[in-house]
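As the structure is a computational prediction, the values presented were derived from the model and not from experiment.
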There are 2 protein chains.
Amino acid sequence: MSQLPEQSARTSVPTSADVARAAGVSRATVSYVLNDNTTVRISDATRRRVREAASGLGYVPHAAARSLRAGHSRMVLLPAAHLPAVPLQQRFFTDLQSDLRRLDYTVVQYGSAGLDADEAVRAWAELRPVAVVAPGGVRLTPQGISVLTRSGAKAVITLGPQPVEGAHALVLDQRGVGAGAVRHLLARGRRRIGVVMPQEAGLALFSEPRLAGALHAAETSATGARIQPLPLRYEESSAAELAARWRALGLDSVFAYDDEYAMLLMRALQDAGVEVPAETAVVGAGDLMLGRLLRPRLSTVRMELATAQPPAEMIDRLVRHPGGAPERHDLLRAETVARESS
Amino acid sequence: MSQLPEQSARTSVPTSADVARAAGVSRATVSYVLNDNTTVRISDATRRRVREAASGLGYVPHAAARSLRAGHSRMVLLPAAHLPAVPLQQRFFTDLQSDLRRLDYTVVQYGSAGLDADEAVRAWAELRPVAVVAPGGVRLTPQGISVLTRSGAKAVITLGPQPVEGAHALVLDQRGVGAGAVRHLLARGRRRIGVVMPQEAGLALFSEPRLAGALHAAETSATGARIQPLPLRYEESSAAELAARWRALGLDSVFAYDDEYAMLLMRALQDAGVEVPAETAVVGAGDLMLGRLLRPRLSTVRMELATAQPPAEMIDRLVRHPGGAPERHDLLRAETVARESS
DNA sequence: TTGAAAGCGCTACCAG
DNA sequence: CTGGTAGCGCTTTCAA
């Protein structure tokens, strides 16, 4: 219908005013109809005219304008860690996302790679999210939390190995993983236990608590067991080096951080003539398929997320009743799966 | 300073007007100072006063209001696929994200799990992104592209095995992976080649083109080689079943889709007494660490992303000069790595 | 049952 | 050098 191509090009993004004009009604009516507002009664004929005009023009409401007017958004922000997430976290996010959507939140992942902590928090705050769920690996300080809160976030929640002062916390306590592995090895009669510490950046966040759990389990066992941290890069050469001096270390078992490092190390040990499990028992973590395919089959610590209340509901509750004391929920359950390697 | 707690709570999110009041200047001046607007000259004293007032109040600008006023955003939207991304895509996204940030774009991942195609596209359009990069696994129809374009997106780009009519395309052509594997096996004298087809939802997007490439390579080789698709679930039982009827299939080699399926199948074949590579050669894809740790070491097809122009620059160019014909760029380079399993 | 108008927070004109 | 002000697209009173 437009006769001026260049004008129609400039005006090409249709607004509710365009819909109103096309339907011969006011912008208010358009808003009522498209939002199914029940407090006001509109004739069916008008409803249809508005709907047809909207779809005819390809009208899509402008989220920014809407939330500006409303004074709040329903955006839940998930700052993406710049480091590779563990598969468990990946699945957690996927589930959280669809659960939140069902509660009518808009979930947005925001990558902050290449920003320092302050810039990143500012960038998040500019989006005025109603809630922020920050995974481990994202540096969130108490003052960062304050910036977010003061910019209108009703709930700030950390997700990771340890809580942060002032925020709610979904804790994936990795200590139980290390403790589970060590208790299993102790029960098998092992007493000199190595703990692999990946040297890859970012994994320290997980490996340190696992080591701490291992140490604690050994100390409280009253067996006199010894824990020996073993730095390892995820490379064959690094594993071969470690294997070469294995006998000198005098270890009878090793918790290999996870199944992949376990596979790497087990192969190097076998190549160096160290018998698994006879001479050295090996335990991984994560219960990946590959552990079942190895020979000997890999013992592992399986991890599961157990939640009393689904995280999405918790977030919804915190958003609706903000201001309570920081909550803390432990999500991670660790369970040892004994196979042939230990 | 506020004496009414409940009022200060409601008004707690500071606006540029609050900053202006605190600094004793107008909102315009605040905007000029905080945006380092150079077309207007402001005294250093005023600048400092404004800056101090802003940080004192914890002022953070409101992105929605800003882009509403500006009439455009610099948001690049990455609809997140609901299925697990291949590691290669994961790295691609991370890199793209930081490159785009360097070009001053805001990158946002939007999870559309649980929405059908139309709803999803509408939801994206509501955010008024300046560009959309849709990975494979996200269903994007020509009419979806039109909705996005008409809502102001300057560039719509697909990323995946095959392009979509009307959008620019970053193509990860999986056919070369299958073709590379088959050519390698043909060169090794193999003629009856199985191709593993994962039965997991979502992988068909990758496995079908790989099969097509394998078929094409066999046909054009003039060797009379035969290609046999082999459905397989990522479970030990499924692999064992396949291995049990292996000899009846009469195959002398197999392209196992990727390294993980290769490990699964190779283990099952070995358990069934089928010698690798003597009786059956095995090739994976992805060049994972685990392939190097298997015995025999796994031959694989390594995949790399080779780009003439970095994707971020391409997007920036398309945003600045919209309206050109759809571009298509092939990103995937496949290269066979021969080890011991073939 | 519908329309007019105010205003969310911000920036960019134009006056002073 | 700084301030007043219009208006981005939308929703929601209040009037008609």
Side-chain angles (χ1 to χ4, degrees), chain A residues 10-50 53-54 57-75 125-128 130 150-152, chain B residues 10-50 53-54 57-75 125-128 130 150-152:
Chain A
R10 280 213 346 101
T11 318
S12 73
V13 184
T15 73
S16 75
D18 295 323
V19 176
R21 207 170 306 124
V25 298
S26 76
R27 274 153 65 226
T29 306
V30 171
S31 176
Y32 292 143
V33 171
L34 297 184
N35 293 317
D36 287 323
N37 190 321
T38 49
T39 68
V40 73
R41 305 190 63 78
I42 309 265
S43 71
D44 280 356
T46 306
R47 294 199 115 80
R48 206 173 38 250
R49 280 220 317 289
V50 170
L57 291 170
Y59 170 71
V60 174
H62 192 305
R66 172 179 289 173
S67 72
L68 182 59
R69 164 68 223 219
H72 60 262
S73 74
R74 285 185 68 81
M75 179 195 298
E126 288 191 3
L127 298 177
R128 295 290 192 274
V130 71
R150 290 170 52 173
S151 78
Chain B
R10 282 214 343 102
T11 318
S12 73
V13 183
T15 73
S16 76
D18 296 324
V19 177
R21 207 171 306 123
V25 298
S26 75
R27 274 152 63 226
T29 306
V30 170
S31 174
Y32 293 142
V33 171
L34 296 184
N35 294 317
D36 288 323
N37 189 321
T38 50
T39 68
V40 73
R41 304 190 64 76
I42 310 267
S43 71
D44 280 357
T46 306
R47 294 198 113 80
R48 206 172 38 249
R49 280 219 317 289
V50 169
L57 291 171
Y59 170 71
V60 175
H62 193 306
R66 174 179 289 174
S67 71
L68 181 58
R69 165 67 223 219
H72 61 261
S73 74
R74 285 186 69 78
M75 180 197 295
E126 287 191 3
L127 298 176
R128 296 288 191 273
V130 70
R150 289 171 52 173
S151 79

**Message:** Main chain of A:I42, side chain of A:R47: is a donor-acceptor contact present, judged purely on distance under 3.5 Å?
**Reply:** yes
**Request:** Please determine if a side-chain N or O atom of B:T29 lies less than 4.0 Å away from the OP1 or OP2 oxygen of D:dG3.
**Result:** yes
**Bend angle of the helix from C:dT1-D:dA16 to C:dG16-D:dC1, end axes from five pairs each (to 10°)** = 50°
**Item:** Whether B:R49 side chain and B:A23 backbone form a donor-acceptor pair below 3.5 Å
**Value:** yes
**Request:** Look at B:T15 and C:dG9 and indicate whether a side-chain polar atom (N or O) is within less than 4.0 Å of OP1 or OP2.
**Result:** no
**Asked** Within less than 4.0 Å of OP1 or OP2 of D:dT2, is there a side-chain N or O belonging to B:S43?
**Response** yes
**Request:** Check every atom of C:dT1, C:dA6, D:dA6 against the side chain of A:R27 and return the nucleotide holding the closest atom.
**Result:** C:dA6
**Asked** What nucleotide, of D:dC10, C:dT1, C:dC10, holds the atom closest to the side chain of B:H62?
**Response** C:dC10
**Message:** Minimum heavy-atom separation for B:G58 and B:P14, please, with both atom names.
**Reply:** O-CG, 3.9 Å
**Item:** Atom of B:S151, atom of B:R128 and distance for their closest heavy-atom approach
**Value:** O-CD, 3.0 Å
**Whole-Å distance separating the NE2 atom of A:H72 from the P atom of D:dT11** = 12 Å
**Complete:** Rounded to whole Å, the CZ-P distance (A:R128 to C:dG9) equals 9 Å
**Item:** Donor-acceptor under 3.5 Å (B:S26 side chain, B:T29 main chain)
**Value:** yes
**Request:** Give B:T46 one of three labels, base, sugar-phosphate or nothing, depending on what nucleic acid heavy atoms sit under 4.0 Å from its own.
**Result:** sugar-phosphate
**Request:** Round to a whole Å and report the spacing from CG of B:L127 to P of D:dC10.
**Result:** 13 Å
**Prompt:** Can a side chain N or O of B:S16 be found less than 4.0 Å away from OP1 or OP2 on C:dG9?
**Reply:** no
**Fill in**
Between CG of A:N35 and P of D:dT12 the distance, given in whole Å, is 7 Å
**Item:** Smallest separation among heavy atoms of B:V25 and B:V50, with atom names
**Value:** CG2-CG2, 3.9 Å
**Item:** Sugar-phosphate only, base, or nothing, as touched by A:V25 at under 4.0 Å among non-hydrogen atoms
**Value:** sugar-phosphate
**Prompt:** For B:L34 and C:dT11, what is the distance between atoms CG and C1' respectively, to the nearest whole Å?
**Reply:** 12 Å
**Asked** Any side-chain heavy atom of B:H62 sitting closer than 4.5 Å to one from A:L68?
**Response** yes
**Asked** Would you say a side-chain N or O of A:Y59 is under 4.0 Å from OP1 or OP2 of D:dC10?
**Response** yes
**Message:** Can you see if the side chain of B:N37 gets near the phosphate of C:dT11 - specifically, an N or O under 4.0 Å from OP1 or OP2?
**Reply:** no
**Selection from D:dC10, C:dC13, C:dC10 that lies nearest to any side-chain heavy atom of B:Y32** = C:dC13
